[in-house]
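Data block below; observations after.
Model, not experiment: these values are computed from the prediction. Lettering of chains follows the sequences in order, A, B, ..., and the numbering in each one begins at 1.
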2 protein chains.
Amino acid sequence: MELTRHRCEVECIHPEHITPLLGKVVTGREADDLAGIFELLADPTRARLLHALSLSDELCVCDLALLLGRSESALSHQLRLLRDRRVVSRRKAGRVVYYRLADKHIRHVLADGLRHAREVAPRSERQAS
Amino acid sequence: MELTRHRCEVECIHPEHITPLLGKVVTGREADDLAGIFELLADPTRARLLHALSLSDELCVCDLALLLGRSESALSHQLRLLRDRRVVSRRKAGRVVYYRLADKHIRHVLADGLRHAREVAPRSERQAS
DNA sequence: TTAACATCTGAATGATGGTGCAGATATGGA
DNA sequence: TCCATATCTGCACCATCATTCAGATGTTAA
């Protein structure tokens, strides 16, 4: 990567700051994968869905819909997304489909985020408390 | 919360599954806060930006722009969002503004997610390998 | 002061994403 | 077979959001 093609040369650019980072910062595909993981948790419905699954063993769509107060259609859409990303797996028992977390990783990230959310609590509603 | 207002009563509803979860699953404001944390990491540019800051001590906008290959305007918008959410803090030194992570929490979540991203690697591009 | 420059900001745009709706699929019971 | 039901799917709508562009703000040096 070129370091000299830009304008700021005197004050701004700090080669000693950025050169050691050149190969370390995530890029391209890896950055997309990283952001992709968080995308799955960045929606309240999905976050609650995954949280419910992390607290339980397995739950059917109808249970989830009732528990979260969302339509079964909405949850089905979200569950399909989560299934495509291999975050949840499903078990069919007759007409009922049970979902469970397929990935222990998400449980960790979710627990981490939840702990932080409860610690830092009021994000930007109130001024710096 | 009503458990009987819905239709499925024979097979689907499992009161023994959902009643113990009724008070435990995150709801409302807390769910929004939880999802809000992950929203900040759900964009490749922000994820890389925060990753760069987590590897370094502090970086100015110009350094970040060069390092990430994004316009300074785009980064400034993102940095404002991150500053509003109290995830980064800034230090002004003349014309140059240096940003750093304000929150050790994000560093944890980011490291966790990155570890998982590198472990699980190819998300849904390839069929189940 | 004027010029150069690092950063910020508002508006506009193009893309993405969550959900409702209606209909389809699949399973179990009569 | 026919009906009820649990889940899935395609389409459409609306909201959100990341980025660009142009201009504004604030700072340093001459």
Subject >> salt bridge (Lys or Arg N to Asp or Glu O under 4.0 Å) partners for A:Arg90, two or more places apart >> reply: none

Original post:
Taking the side chain of A:Cys62 as heavy atoms from C-beta outward, which of D:dT7, D:dT19, C:dA6 is closest to it?
Top reply: D:dT7

**OP:** Kindly say if B:Tyr99 contacts the phosphate of C:dC8, meaning a side-chain N or O under 4.0 Å from OP1 or OP2.
**Re:** yes

Original post:
Looking at C:dT19, C:dC8, D:dT7, which one has an atom nearest to any side-chain atom of B:Val61?
Top reply: C:dC8

**OP:** Identify which nucleotide among D:dT9, C:dT27, C:dC8 has an atom closest to any side-chain atom of A:Arg83, counting heavy atoms from C-beta outward.
**Re:** D:dT9

Original post:
Taking atom C1' of C:dT7 as reference, at what distance in whole Å does atom CZ of B:Arg91 sit?
Top reply: 15 Å

Subject >> Rounded distance (Å) that lies between atom C1' of C:dG17 and atom CZ of A:Arg46 >> reply: 8 Å

Subject >> Contact under 4.0 Å: B:Gln78 side-chain N or O vs D:dC17 OP1/OP2 >> reply: no

**OP:** Applying salt bridge (Lys or Arg N to Asp or Glu O under 4.0 Å), name anything that partners A:Arg83, two or more places apart in sequence or on another chain.
**Re:** none

Original post:
Reading nucleotides 10-15 of chain C from the 5' end, what letters show protein touch, with B for base, S for backbone sugar-phosphate only, - for no heavy atom under 4.0 Å?
Top reply: BB----

Original post:
Does A:Ser71 put a side-chain nitrogen or oxygen below 4.0 Å from OP1 or OP2 of C:dT19?
Top reply: no

Original post:
Do any side-chain nitrogens or oxygens of B:Arg90 fall under 4.0 Å of OP1 or OP2 in C:dT7?
Top reply: no

Subject >> B:Asp57 side, atom CG; B:Arg100 side, atom CZ - distance, nearest 0.5 Å >> reply: 4.5 Å

Original post:
Sequence neighbours excluded, which residues qualify as salt bridge (Lys or Arg N to Asp or Glu O under 4.0 Å) partners of B:Glu30?
Top reply: A:Arg118

Original post:
Where the side chain of A:Arg95 is concerned, which of C:dC8, D:dT5, D:dT19 is the nearest nucleotide?
Top reply: D:dT5

**OP:** Among D:dT7, C:dC8, C:dT27, find the nucleotide with the atom closest to the side chain of A:Lys92.
**Re:** C:dT27

**OP:** List for me each residue that meets salt bridge (Lys or Arg N to Asp or Glu O under 4.0 Å) alongside A:Asp112, sequence neighbours excluded, and say none if there are none.
**Re:** A:Arg115

Only pairs under 3.5 Å count here: list side-chain donor-acceptor contacts from residues 74-81 of chain B, not counting sequence neighbours, and write none if there are none.
| unit_1 | atom_1 | unit_2 | atom_2 | d |
| --- | --- | --- | --- | --- |
| B:Gln78 | OE1 | B:Arg46 | NH1 | 2.9 |

